[in-house]
Asks: 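For reference, the structure I am asking about is given below.
Just so we're clear, the structure is a prediction, and the values are computed from it rather than from any experiment.
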Amino acid sequence: MQQGSDQVRYEPDERCPLAVSVVASFQGVLLVLTPMVTAVTTTALVAGQSDAYLIWAAFVAFLVCGMITALQAARVWRFGTGHVLLTAASVSLIVVSVPALSAGGPGLLSAVIVAGSLFQFALSAWLPLLRRIITPVVTGTALMLLAATVIPIAAGRVIALPDGATQFSGPVAGLATLSVLALLGLRVAGGWRLWVPIIAIGAGCVVSIPYGLYDFRLVAQAQWVGVPGVWFPDFQIPEASAVVALMPIAIIVLMINGIKNMGDSVVVQRLSRRSPPATDYRLVQGSLNANGLGVLLSGLAGSPPTTINSATSGSLVNLTGVASRNVGYIAGAMLILLAFSPKLTACLLIIPGPVMGAYLLGVMGTYIVEGIRTVAQDGLDHRKSLMVGLAFSFGLALENSDVIASLPGSDWLQFLDNGLTSGTAALVLMTWFSELMRPRARRLQVPLSEDALLEIDGFMQQAAAKVRWDESATQRLRSVGEETLWSLLQSMDGTEPGTPRRLTIIARPGSGGMELEFFSSLEGQNLQDRLAYLSDEVALESEASFRLLHHYAQSVRHQKYHGVDVVKVVVAADADRSAGIAQ
């Protein structure tokens with residue numbers, strides 16, 4: 001389990017010297033500039049928008065990101081966390097912004113993003129109810145489909161050249177960027193990894209200079225200080241079919257970002273304390289609310305939406321040891337000041353497209369790996385493997401074909417043309433159907449103590465009788481219940497004496513066996529809320545205290561989270577299959 005760091009020099013509520021806060025804030029701002037500029041420039045240029053819109057979108061992005069970064073540090077009412085959570089425009093949201101701008105301009109983007117922000121606000125309340133539908137398998141597959149959708153956009157940026165540039169200059173600059181990104185990524189470790197993207201983009205920019213890939217007109221026309229030409233989207237109601245086509249994409253991508261944001265908030269809470277308390281999920285909800293406000297403000301201004309920067313927030317605290325909320329305030333102020341310096345912003349926006357495209361290819365590669373890791377998080381059986389394979393293939397097939405356009409009423413089915421939407425929707429439906437077809441689970445909740453043994457034993461006998469197991473199989477199931485109870489009691493030896501805990505057992509008949517889940521949690525915790533967020537925490541796998549279970553169970557998996565122990569056991573009805581293989 002991830003613990004607080006002994007290297008924390010300043011906790012969120014501690015006074016931090018101004019010079020230290022400024023240096024840490026400057027580091028944080030430098031680190032978020034790369035994804036922010038990539039998201040804004042790629043969105044605007046791929047969608048064929050004007051330079052005026054590009055400058056406006058960058059102004060809004062810096063302004064909103066500065067405001068939300070400061071709000072996250074402040075924690076006002078139900079918004080924010082009181083921790084350092086840096087906000088930036090997200091490259092993952094390109095998949096929403098580009099189609100919206102291309103199909104209906106900034107007005108359509110505004111309508112879709114504003115409507116999607118409402119989902120962001122509701123996510124923290126809905127997630128516990130959707131835990132068995134929005135699973136790691138769904139989230140991981142959606143991440144892979146997201147990457148597969150954005151990769152062609154990134155590749156297009158590599159070969160998008162200004163007038164007069166030689167034909168091979170784009171691939172050369174892109175290859176230089178990717179090469180430095182790969183070489184440094186393989187060689188460096190620790191805090192230096194945070195600087196790899198900046199160094200790689202810098203190398204690509206240097207290679208681009210002799211090939212004439214820079215267009216300095218944007219810099220020459222921009223003022224040193226001021227507000228760019230104010231632009232507001234046309235708030236006339238767009239065509240309903242266009243909104244319907246893009247809303248599912250927005251909801252899916254915001255769902256992915258929301259789940260990632262929960263994990264970021266949990267991690268930052270841990271890293272910001274020398275001796276971290278139990279995770280406060282009110283702060284997790286506060287981070288989601290603040291993030292939703294940023295999405296809403298971006299949408300109202302017709303700019304690409306913003307989100308917590310996953311790669312930077314926790315890493316910055318871990319790298320510098322400075323978790324003081326003053327860092328969030330100062331970093332937010334720096335971003336706001338940068339918004340009001342159009343010339344400095346323009347210097348960032350003229351980074352050559354091939355360099356940005358190559359960087360985006362690297363980022364999407366990490367999304368694919370993260371998606372695979374997320375899918376494998378709960379283990380892949382033949383059902384999950386089939387669902388992932390079918391959903392991914394279905395999504396890619398519709399992304400790269402005109403099947404939907406050939407159907408009657410295709411105007412209202414345009415949302416299925418997007419591989420991310422169609423693949424994720426197919427996987428959600430298969431997951432829902434799989435859950436619907438599973439036998440109903442039995443549940444028992446008792447205090448975690450020796451006195452609960454009789455109730456647990458009776459529960460196991462009832463579960464075995466329900467599926468008509470013979471005496472031998474029933475005895476194995478009873479033994480599993482007893483051994484798990486003793487093992488969990490032993491694992492409490494290091495906890496504070498007198499801390500009451502409760503045990504929740506869920507028994508569900510499976511294919512040829514019984515699937516058991518044992519949840520040990522602190523008394524008074526909302527277990528449903530904890531289960532909804534468990535996948536965002538880092539767990540320690542444990543085997544030693546559960547060796548006896550291997551004699552009775554087909555598989556045993558023990559995970560220790562902060563305040564929650566989870567034991568997943570599969571007991572086969574056939575004695576020959578209960579060989580005791582620990583996962």
Side-chain angles (χ1 to χ4, degrees), residues 33-58 61 89-106 108-109 146-182 197-198 200-222 302-304 345-367 399-400 418-420:
L33 285 180
T34 298
M36 187 177 314
V37 172
T38 301
V40 173
T41 55
T42 301
T43 297
L45 297 179
V46 172
Q49 298 300 301
S50 64
D51 288 347
Y53 174 78
L54 176 59
I55 291 291
W56 169 258
S90 174
V91 294
S92 63
L93 291 162
I94 290 174
V95 74
V96 181
S97 304
V98 168
L101 284 171
S102 301
L108 179 58
L109 174 65
L146 171 63
T149 306
V150 175
I151 283 173
I153 296 175
R157 293 290 293 145
V158 173
I159 59 175
L161 304 175
D163 295 337
T166 55
Q167 187 175 4
F168 60 85
S169 59
V172 169
L175 182 61
T177 305
L178 276 178
S179 298
V180 174
L181 192 66
I198 296 177
I201 287 179
C205 291
V206 171
V207 172
S208 301
I209 293 175
Y211 293 104
L213 295 181
Y214 275 97
D215 185 354
F216 291 98
R217 289 177 302 168
L218 206 62
V219 178
Q221 297 170 359
S303 173
T345 303
C347 290
L348 297 171
L349 297 178
I350 64 169
I351 294 175
V355 176
M356 286 299 187
Y359 166 74
L360 192 56
L361 283 174
V363 173
M364 290 302 107
T366 63
Y367 272 52
E399 174 73 23
N400 297 289
N418 182 274
L420 174 61

Asks: Testing the basics here: between Ala58 and Thr345, what is the closest heavy-atom pair and its distance to 0.1 Å?
Replies: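 Closest approach of Ala58 to Thr345, heavy atoms only: CB-CG2, 3.6 Å.
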Asks: Are Leu349 and Leu218 close enough, and set up right, to give a side-chain contact (heavy atoms from CB on, under 4.5 Å), and what steps lead you there?
Replies: CA-CA 8 Å; Leu349 297 178; Leu218 206 62; 4.1 Å; yes
Asks: Between atom OG1 of Thr41 and atom CG of Leu348, what is the distance when rounded to the nearest 0.5 Å?
Replies: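 Thr41 atom OG1 to Leu348 atom CG measures 10.0 Å (nearest 0.5 Å).
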Asks: Looking only at non-hydrogen atoms, find the nearest pair between Ala200 and Val180 and report the distance.
Replies: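 Nearest pair, atom of Ala200 first, then Val180: CA-CG1, 3.7 Å.
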Asks: Shortest non-hydrogen contact from Ser208 to Val355?
Replies: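 For Ser208 and Val355, the tightest heavy-atom pair comes out as OG-CG2, 3.5 Å.
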Asks: Using the side chain to side chain contact (heavy atoms under 4.5 Å, CB included) criterion, which residues pair with Ala222? Sequence neighbours excluded.
Replies: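 If we apply the side chain to side chain contact (heavy atoms under 4.5 Å, CB included) test to Ala222, skipping adjacent residues, the hits are Pro342, Lys343, Ala346.
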Asks: Is a side-chain N or O of Tyr53 found less than 3.5 angstrom from the main chain of Gly105, in a donor-acceptor match?
Replies: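 Not confirmed, Tyr53 side chain does not pair with Gly105 backbone.
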Asks: Roughly how far, to the nearest 0.5 Å, is the CG atom of Leu420 from the CD atom of Glu399?
Replies: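 Between atom CD of Glu399 and atom CG of Leu420 there are 8.5 Å.
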Asks: Tell me, please, which residues at least two apart from Ile159 pass side chain to side chain contact (heavy atoms under 4.5 Å, CB included).
Replies: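 Scan of Ile159 (side chain to side chain contact (heavy atoms under 4.5 Å, CB included), adjacent residues dropped) gives none.
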Asks: So do the side chains of Leu54 and Gln49 get within less than 4.5 Å of each other, counting heavy atoms only?
Replies: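 Leu54 vs Gln49: side chains apart.
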Asks: Quick check: closest heavy atoms across Gly362 and Leu181, and the distance to 0.1 Å?
Replies: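 Looking at all heavy atoms of both residues, the shortest contact is CA-CD2, 4.0 Å.
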Asks: Please assess Ile201 against Thr34 for the test side-chain contact (heavy atoms from CB on, under 4.5 Å), listing each intermediate value before the final yes or no.
Replies: CA-CA 8 Å; Ile201 287 179; Thr34 298; 3.1 Å; yes
Asks: Taking all non-hydrogen atoms of both residues, which atom of Leu146 and which atom of Ser92 are closest, and how far apart?
Replies: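 That closest heavy-atom pairing would be CD1-O, 3.4 Å.
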Asks: Which distance, rounded to the nearest 0.5 Å, do you find between the CG of Asp51 and the CG of Leu45?
Replies: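 Taking CG in Asp51 and CG in Leu45, the distance rounds to 7.5 Å.
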Asks: Can you tell me how far apart CD (Gln221) and CZ (Phe216) are? Round to the nearest 0.5 Å.
Replies: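 Reported value, rounded in 0.5 Å steps: 13.5 Å.
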Asks: Under 3.5 Å, side-chain donor or acceptor atoms of residues 94-103 against the rest of the protein: list the pairs with distances, not counting sequence neighbours.
Replies:
| from | atom 1 | to | atom 2 | distance (Å) |
| --- | --- | --- | --- | --- |
| Ser97 | OG | Leu93 | O | 3.1 |
| Ser102 | OG | Val98 | O | 2.8 |

Asks: Would a 4.5 Å heavy-atom cut-off, applied to side chains only, mark Pro352 and Cys205 as touching?
Replies: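 A side-chain contact under 4.5 Å exists here.
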Asks: My understanding is that only residues two or more places apart in sequence, or in another chain, count here; which of them pass side chain to side chain contact (heavy atoms under 4.5 Å, CB included) with Val207?
Replies: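 If we apply the side chain to side chain contact (heavy atoms under 4.5 Å, CB included) test to Val207, skipping adjacent residues, the hits are Val172, Ala176, Tyr211.
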Asks: To the nearest 0.5 Å, how far apart are OG1 in Thr38 and CG in Leu33?
Replies: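 The distance works out to 10.0 Å.
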Asks: Sequence neighbours excluded, which residues qualify as side chain to side chain contact (heavy atoms under 4.5 Å, CB included) partners of Ala358?
Replies: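 Ala358 satisfies side chain to side chain contact (heavy atoms under 4.5 Å, CB included) with Thr177, Leu178 once adjacent residues are dropped.
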Asks: Using the side chain to side chain donor-acceptor pair (under 3.5 Å) criterion, which residues pair with Thr42? Sequence neighbours excluded.
Replies: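 Thr42 satisfies side chain to side chain donor-acceptor pair (under 3.5 Å) with no residue once adjacent residues are dropped.
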Asks: How far apart are the closest heavy atoms of Val40 and Ala61, and which atoms are they?
Replies: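 Shortest heavy-atom separation between Val40 and Ala61 comes out as CG2-CB, 3.9 Å.
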